[in-house]
Every structure is written in C-alpha cells, then in structure tokens.
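Below you'll find the structure, written out as structure tokens, and then a few comments.
All values derive from a computational prediction rather than experimental measurement. Numbers here are sequence positions counted from 1.
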Amino acid sequence: MLRVGLIGAGAAGRKRAAAVRDYGGSELVAVCDLVAGLAQSLAADTGARTIDSWQVAVDDGDCDVIVVSTAHDMLAPISAAALAAGKHV
C-alpha cells in the first residue's frame, strides 16, 4: 500500500485525492495547503491528517509518495525536494 502525501488541497488537489482513493493500492495519509482550512476540510473528508508545510510533508517518513497540486511556480521546487528526499512524485 502506497502512503500518499498531498500538497495542495484546492480543486485540483481534491480531484487527485479522489484518484488516490479510487486506486486500490494507495492511501491518502497527509494533506498540506497554505490555506489551513482547505487542508483541514480535505483531511476530514478523507481521514488523512494535516501537515503545516510542504517541507514537513516532503520529509515525513509516513509518506511514500508526494502528489503536488500547487500553483505552477511551486511544482518544480516541491517536486525536486520530494525526489531528493527519496519520495515518488
């Protein structure tokens, strides 16, 4: 079972969270967003926990995979950091 951390809980993040749910081999375990209320809402809907920053999510040992659903200017830096931390992106 792949444990997924989701960074970005807006509309695209919710779609990706649904894809994680629908794929039988993964579980959403953590959600992060700059807008805490978005992360809290999605976490409550999915049973995941919230994480305060993308840096903490990338370093989280409970996440095997990081799904990045942020604004375009943050896709590369977050993805590169996740890859450097040994995560699937």
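- Linking Ile, Leu, Val, Met, Phe, Trp and Tyr residues whenever their side-chain heavy atoms come within less than 4.5 Å places Val58 and Val68 in a single cluster.
- The CG atom of Leu42 sits 4.5 Å away from the CZ atom of Arg14 when rounded to the nearest 0.5 Å.
- Under a hydrophobic clustering in which Ile, Leu, Val, Met, Phe, Trp and Tyr are joined whenever their side-chain heavy atoms come within less than 4.5 Å, directly or via other members, Val65 and Val56 fall into different clusters.
- Of all non-hydrogen atoms in Arg16 and Ser69, the two that sit nearest each other are CD-OG, 2.9 Å.
- Distance check, rounded to the nearest 0.5 Å: CG of Leu6 to OG1 of Thr70 gives 10.0 Å.
- Clustering ILVMFWY residues whenever any of their side-chain heavy atoms sit less than 4.5 angstrom apart, transitively, puts Val67 in a cluster other than the one holding Leu75.
- In the displayed structure, Asp59 atom CG is contacted under 6.0 Å by more than 12 heavy atoms of other residues, nucleotides or ligands.
- Counting heavy atoms from C-beta outward, Ile51 and Asp60 have side chains that approach closer than 4.5 Å.
- Distance check: Leu28 CG to Cys63 SG gives 8.5 Å after rounding to the nearest 0.5 Å.
- Considering every non-hydrogen atom in both Leu38 and Asp33, the closest pair reads CD1-OD1, 3.8 Å.
- Met1 and Glu27 make their closest contact through SD-N, 3.8 Å (heavy atoms, listed as atom of the first residue, atom of the second, distance).
- The shortest heavy-atom contact between Ala30 and Ala48 is N-CB, 3.8 Å.
- One finds the OG atom of Ser26 at 12.5 Å from the CZ atom of Arg3 (value rounded to the nearest 0.5 Å).
- Here the side chain of Lys87 pairs no donor or acceptor atom with the backbone of Ala81 at under 3.5 angstrom.
- Note that the CD1 atom of Ile78 and the CD1 atom of Ile7 stand 5.0 Å from one another [nearest 0.5 Å].
- Residue Leu34 qualifies as open at atom CG: its count of foreign heavy atoms under 6.0 Å is 12 or below.
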